[in-house]
Each structure stands twice: as structure tokens, then as C-alpha cells.
Amino acid sequence: MPTKNRAVVRIGGAAGEGIASSGDIFCKTASRMGLSVVAYNSYQSVIRGGHVYYQAQIGGPEKVLSHGDQPDVLIALNQDTFNRHAAFVNENGAIIFNKDKIKPEGHSLKNGVQLIGIPVEELTKAYGRNPIMQNTVDSGALVYLLGMDWDLFEGSIRSVFGSKKSEIADLNINLAKIGAAFAKANGKTLDVKLVGDGKKRAFATGNNMIAFGALAGGCKLYTAYPMTPASGVMHWLAPRGSKYGMVMKQMEDELAAMNAVVGAGHVGVRAMTGTSGGGFALMTEGISLSAMLEVPSVIVHVMRGGPSTGLPTKTEQADLFQDLGAGQGDYPKAVIAPLSVGDAYHASVEALNLAEKYQIPVILLSDLYLSEHAETIDDGVVSADVKIERGEIVNSWAPSDPAKTDKDGWYVPKNPDDYLRYKDTPSGVSPRAFPGTENALYVAASDEHDEEGIVISDVFTDPAIRVKMMEKRMRKMIGVEKETGGPIVTGAKEAEATLVGWGSTFNMIEEVRLALEKKGKSINHVHFRTLWPIHAEETAALLKSSRVTIDIENNFTSQLAKLIRMETGHQMTHFVNKYDGEPYSFNALLNEVEARLDGKPNLARNK
Amino acid sequence: MPETTPITPLAEFKPKVSPDWCPGCGDYGVLNALQKAVSNLGIKPKDLLVVSGIGCSSNLPGFIRSFGMHTLHGRAVAVATGAKLGNPDLNVVVTGGDGDGFGIGVGHLLHAARRNVNITYIVLNNQIYGLTTGQTSPTSARGHKTKSTPGGNLEFPFNPEGMALMAGASFVARGFSGEGGHLASVLERAIQHKGFSLVVTMSPCVTYNKLNTYAWFRERVYKLEDEHHDTHNFEAAITKTLEWETRIPMGVFYETDKPVYEESEPAYAFGPPAKQALGLKKEDWTALYDGFR
């Protein structure tokens, strides 16, 4: 076997054992070495106990596209983890564990797997007793076994604990040294060569990048009600936003969070809220309000497993139809599902721009996997150079000439010089004046209204005005369609088989496509980032040329495939579905796709 | 308000559209009092944002010449909170009914009270659902026969002023639309108050509530100031909100100085969010990005 240039590491134990922070320190070390990293934390809806694990794939110089399959190194923090995962550790891999707590006997391991059983208690007795210590000891062993840069590892420990806790950082560094020394004396480094390019990469989650994009994109009010897996956006903004003039406001519920965004958007603030499916359900009336008042709003919708409270800490893509059908009535909107952590930054900025330019609600549709997993971002993928587009804003308006005022219609005096908040324009977009603007008074009404904003629902529902206003609002979708990107194609423009997916699965599907291409298959990949508008003509043209179209979704009912069929008539030939709560992993997805290519139906799926 | 503030001519608040409430509706009195209050305070129509929910009384923003928002049933306070947080330079007044504010939207009222954002909430309380043609409301009397309670309301009405006080409201008052001058003066104080102010206005529904009529109120109302009520005494205020069947107090129950939300939030050092320059400075962006490395 040639020396590998990547490694998969899995750290498992019970919630509350510090697994995520050990994982973060390890990944930070790798990203500072200039390696590419993808990390995923598989956790439970429990604060202490249960079984959780953190898995990271690191490597270089080629970009790592997923958190990998089975581990090369397993850190088992308890017996349960050892029992569950030991047999899956790759050949010539290693298992690091606390010998005091864990009995390794009775498991069939793959060839060449080293058992690094550390007598933690004996080695650390000088440092007192703390159950978290074993993590750090184990991490030290891990860094040694993978031949990683020790100085960067120490630096990562320091940066996680911060300068205020330098004593704790010192303690952890000493503990890590104990682990490394033990591994050196009792094991051998793995046959991997991890060569970074030396560029210190950023390492962040999707939620980090949504939040960062919001701040960079000029969002000045972010509201939320705590809900996994969207809360990460709030948590990143809470300590930072106010330093840049942004108000981060936790509200009493999602109804308040969404409606406060409408209020803020109305007075000229770029405002955003974030939630998961359950909270989104509560927001939908406010989303419809945003569309009717023609107030921009951005809603970050981070999907988790449903229905109902479902799988609070697991991933799924089953809320697409919830977004498409959100709120009452026909109204213009956009739904954007970013493809990667770096792309989440751009999607956040784009959502703010689209919302303001077209005065519509824009849904940024993420999922637990994209929002909570972390990966390295290559330099230049995100930048400070952010374009902010707000559409036409009326800053002042000349007073109307009373001589021109005429009694027109049933009782409302009209003046051709009046500011018309809902002026019927070719694009459907009317220049906005914010409260406080001289001579531009109007009432934004959730009832149907005329160009001036005066409701037509009370005394006489004028059908002509209703039709005009409906068409004005819906006409905005023409501009939105032009502005948003259609499906993304990778690989050959035309191929025998096409893999189809949306949002967060982009890199995973890409990894499978590349593997199949290497095997000589004629295959390409069509991926949807803009879910609404769906760009029907472009989509139909792209899919028409493929004999085999394999739809891959993290849900039961293939919602994208249904949307495409609804909008284009195209029927996918094969389906891959996953709804166990975990993201796709490379081998599993490759096997599924190959089975479809061999003509095997998706038996798990009862259509 | 400084003494020198000139009043804004009342006519400036008169809208193009005439109210379409039933003749004799209590809402007219509240509208007139609100127009008088903002006029007396010298507020310009362009600096006034009136936000409402849905219901007869929630049509009010359409009938006052200012900026306005007519939003969703029960959500006006949430929308207004966002608007005020977005631009604290605006005078934000919320209007709505008892169904809107004490039924479907009661949660927002309680949290607005404890949050103390500087907005004024006027609830036009007619103790009935009017726009949906006469069903029982959270403030309908027990035994009140309505379309949804033909045998008489089995529930007990609750005490919205007392509830707002318990939730931490820094200004709570009650007015009566049959006494416009008094109501206008209460509204002036409410709008001037720094922090969240609630004014419940008894606003009879002449079409669907034949129980709580103008005459019914006139027999019972009295002014708190006539009985030397101490508006800074919380316990006395709570006690006064409990009076109902025989004597009904009007005026300010309670007022206190408490930190205003938007004055405590450090983000406002950069000015109103609606007026700030957008985006991050290059050096700020770089510092934040380096935090990920």
C-alpha cells in the first residue's frame, strides 16, 4: 500500500466529555499546517451522557470533500465507544484509549491495528483528578501517531483556551506531552504523510459563515429563538454583532423573531432571522406578510430530521416543500441552499441583496450537516470585498401640488405628484421610502392595497386593482430568476448518467462523481443551489440529455425530484434516499449510486 | 418634551381616507385622542409610525396621516419592536384590539413589557371580537352571550393592566373613548414616557357588545388623579387594576423609570441601525476572519 496523504480520525464518548473541543483543537492544528479538513460532530439531544462522536478527515494537497468513512485512528473515551467502533478501524490504524477504564479484549480488529492503551491515572497523578484529562492525553498520542506539527498543536490548544486561561492551556499541553511520549514508547507512527501547503487556513462551520456573511453583508438586526441546529448563527453573532453596530436580539418565540424582522426591514434595516423547521412553521405567516408589505426579509432555515421535533441533532433535507409552500397566498420569494461552508458566506450576502433589491422574503436553506460541520476554507474563497445592493431608495420627495389633487375613484383624492409606495413598475419593484422621509407618508397594509398602500379590502374590493397589484408583485420573479444562478453542472456537459442533488450534499456527490469518472464511467453532476425559482427551462435542457438521472437526497420523498417533475415534467430514473439522520459517507453513497447504475431499484423507498 | 416644542397642527394628522368604523364606534374617540396627543407633543407625521394588527381597531393606521403598518393578527407588538430597534428615532405607537393584544398576541405584550423597548401600545378594548362579527374575547364578562357563547361566556375575563404590571411594564394606564380630552392627556404621557407604555382604552362596540356600552361605562368610570392615586406606588397600582364591576378607574396606574432596552444595547453607539453605513471595514473583516484560523 502506498503511503496515504490523508487520515480519518474518530473521537467517541459520552456528551460532556469534551469531545468537540478535542476535535476542534486537532482540526485547528491540521488547518494551521495548511491541510484540508472536513469535520463532523455526530451528537445527541443530551447535555451529559449518551454516545457522541466527532469525525474528521484531514489531508492534502487535494481538497478533502467529506469527513470520510471508517477511521484510521479511533480515540475511545469509554467502553461503549470502543465496543461500537473498534472493529471498523482501518488496517494498520490505531485505537487510543484509557487503559484504566477500557478493556480492549474480545474484539476482532483489522490487520495491523495498534492498541495504544494509556494508563492515564498513573501518568497524570501529578496533575490531580479530572475526567477530561484523558482527552488531552489521547490527543497528544494522536498527534504523535499522525506525525503532525507539535508546535502548531500547542498553539491550537492555547487559542482554544484563550490568553485568559493560560494556566489551563499549560496544563493541557503537559498532559498532551504525556500522551505523545507514551505513544512514542509504545507505538509507531502511521503510514501517512500529511503535507500541508503551510497556508494557515480558516476552519469554520456553515453557521459561522452564515453569521459572518450577514455581518459583512450589512445585516443590522438578527433575531432568533433558540433552536438546534440554527442557534450557532446567534451564538457567533451575540458576542460580536454589537461591536459593528448590529443588534442581535433573542426574541420570545419565532413569531416575534420573524415579525420583528418585518418591522426592521420596513424602516430600512437589513434584517435576518434564523430557525429550524419547527420554528419556521411559526414564521410562515410573517413571511407571507413580508411579501405583501414588500418588505425585505431573510430567513435562515437550518433543517434537521423531522417530522415534528424529530431528530433535533441530526441532519435531513426534508423541509424543501415547507419552504416552497410557506405562508398563505401566491407571493414572490427565493430559496437558496448553499453548497459548502465557504458558499454559506456568499449565500448570506446574496440573500440580503436579493431581499432588498426585490423587496421579498428570501430563505437561506441550510441543514444540520452544512451548518454544524466544520471545514477548512481555502484562501480567497471568501473576502471582505462584498457588494451591497439595496435597490432604489427614495430619500426625499417633493410636496404634492394641491392644485393637482383630484377626486378620483370612490373617495380617495388622488394627486399625480404623490409618492406611491407600491407604484406599478415594469420590474414590479417600487422605489422604497422609509418612515422618516418627508412627503412620502404611506401605510403598508397586509390587506390588499392599491399603489398608494390604501386597502381595497374593506369597502370595495376593486378586482382591477387586485389583479394589477398581484401581477406587480409576481412580476418580480422575472428579475429574481435572472439574478439567481441556475443549476450547477460539473463534469461533462453531456453524459450517460447524471447525479442530481441540492444544497449541502454538493461535495459528497462530487467526491462520488470523481471516483466514478476515474473508473471510466460517463457521468456528470447537476446540483441545485437556487431551489426557487427552479430555472425550469435550463433544468429541463440539462436533464434531457442524460439517459440515467439519479436523484440523491437526504430525505424520504425525493422533494427536489418532485419539484423538478412539477416544473419541467422530467422524471428521474433512479433515486438514492437517506433519512437515518446521518449525512452521506463516501463509500456508502458510492455503493448506492453504483447499485442504481447497475439497475437495482431503491428498495428502501416506498414511493 | 421641552416647553418650547411647537405643536404640530392637528390637521396634519387628518388622513385622506375616512374611517369606516360603525357610526358611534368607540374607536373614533381613540383616533381623535391619538391625533390630539401627537399634535400636542409636536411630533411630525413623518416621524410617527403607527403599527397595528388585525381587527376593527387595527384599521386605525389607515385613518391617521403618518407612516403606518397594518400587519398580522396578534403580531403588531413584535413588528413594532423590530421597527423601533431598527430606527429608535421614530415615535412608534401600536394600536389594536383586545383579541389582538390579549388573545392571540398576549405573549408579545408580556415580553414587550419586560423588555422595555420605548414604544406605546394602545389597546382599544371593546370586550368583543367585532370584525369577525361578535365572538367572545379575553376581556368579555363571564356570562356574556356572544355568537360563540350563546349560552353565556363560561370563562372569566382577565385583568390586562394588572398582568402588564406584573410583567414589568414601566407605564400602565387606562382611558375611555367617551372622555377624549382625558384620554388624549393620558396618551401624551404614555408617548412621552421612556420605555414600554400600555394604555388600555375602553372603546365600546356599539354593534356587538350590548353589555359594556357608553352608558355602562359612564356610570362607573372615575379618574385616578381625582383620588390622589400615587402613580409610583406599584402595590397601589395593582390594587386599582382589580377594581371593576362597580367602579372603574381611568388614568395612569403606574409609571417608573427603568433602563430602556435600546439605550442599554451597545450596538446603538453606532447610531440607529437604519442609518448606519453597511458592511464591515476591511480591518474589522480581517480580524474576524483571523478568528477562524
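Lettering follows sequence order; numbering is per chain, from 1. The structure presented is a predicted model; accordingly, all values stated were derived computationally and were not measured. No hydrogens, no waters, no symmetry mates; every other heavy atom, side chains included, goes into these values.
- Using a 4.0 Å cut-off between a side-chain N of Lys or Arg and a carboxylate O of Asp or Glu, B:Arg293 and A:Asp379 qualify as a salt bridge.
- Chosen from B:Val92, B:Asn87, B:Thr71, the residue pairing most often with chain A at heavy-atom distances under 4.5 Å is B:Thr71.
- Between A:Trp397 and A:Tyr419, the ring-plane angle classifies as perpendicular under the 30° and 60° cut-offs.
- Note: B:Phe292 and B:Tyr289 have perpendicular aromatic rings, judged against thresholds of 30 and 60 degrees for the angle between ring planes.
- Among B:Gly68, B:Pro266, B:Pro272, the residue with the largest count of heavy-atom pairs under 4.5 Å with chain A is B:Gly68.
- Taking a cutoff of 4.0 Å between a charged side-chain nitrogen and a carboxylate oxygen, A:Glu356 and A:Arg432 qualify as a salt bridge.
- Annotation: maximal heavy-atom pairing with chain B below 4.5 Å, among A:His449, A:Arg240, A:Glu438, A:Arg32, occurs at A:Glu438.
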- [ ] Let me see the working for B:Lys194 and B:Glu263 under salt bridge (Lys or Arg N to Asp or Glu O under 4.0 Å), right down to the final yes or no.
- [x] CA-CA 10 Å; B:Lys194 286 185 120 192; B:Glu263 288 175 6; 3.2 Å; yes
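- No other option in B:Asp290, B:Thr81, B:Leu85, B:Asp284 has as many heavy-atom pairs under 4.5 Å with chain A as B:Asp284.
- When heavy atoms are compared at a cutoff of 4.5 Å, B:Ala76 does not approach chain A at all.
- Interface residue A:Leu293: only side-chain heavy atoms are found under 4.5 Å from chain B.
- Contacts between B:Ser66 and chain A at a heavy-atom distance below 4.5 Å involve the backbone alone (N, CA, C, O).
- Interface check for chain A: of the options B:Arg115, B:Lys282, B:Lys281, the most heavy-atom pairs under 4.5 Å are formed by B:Arg115.
- Ranked by non-hydrogen atom pairs under 4.5 Å with chain B, the options A:Ser288, A:Gly286, A:Ser383 are led by A:Ser383.
- Using a 4.5 Å cut-off between heavy atoms, A:Arg201 touches chain B through its backbone atoms (N, CA, C, O) alone.
- Ranked by heavy-atom pairs shorter than 4.5 Å toward chain A, the options B:Ala78, B:Gly62, B:Gly86 are led by B:Ala78.
- Heavy atoms closer than 4.5 Å to chain B are found in the side chain of A:Arg390, but not in its backbone.
- Contacts of B:Ile54 with chain A are made by side-chain atoms alone, with heavy-atom separations under 4.5 Å and no backbone atom involved.
- Heavy atoms of A:Val349 lying under 4.5 Å from chain B are absent altogether.
- With a 4.5 Å cut-off on non-hydrogen atoms, A:Val262 touches chain B through its backbone and its side chain both.
- Residue contact with chain B, scored on non-hydrogen atoms closer than 4.5 Å, involves the backbone and the side chain of A:Lys200 alike.
- Contact annotation for A:Ile388: only side-chain heavy atoms (C-beta onward) come within less than 4.5 Å of a heavy atom of chain B.
- With a threshold of 4.5 angstrom between heavy atoms, A:Asp253 approaches chain B through side-chain atoms but not through N, CA, C or O.
- Residue A:Lys199 places its NZ atom among 12 or fewer non-hydrogen atoms of other residues, nucleotides or ligands, all under 6.0 Å distant.
- Heavy atoms closer than 4.5 Å to chain B are found nowhere in A:Met258, neither backbone nor side chain.
- Contacts with chain A were tallied for B:Thr286, B:Leu49, B:Leu90, B:Val50; B:Leu90 has the most, counting heavy-atom pairs under 4.5 Å.
- Of the atoms belonging to A:Val247, heavy atoms from both backbone and side chain fall under 4.5 Å from chain B.
- For chain B, no part of A:Asp24 is nearby; none of its heavy atoms comes within less than 4.5 Å.
- Taking the six-membered ring for Trp and the full ring otherwise, the centers of A:Tyr442 and A:His266 sit less than 6.0 Å from each other.
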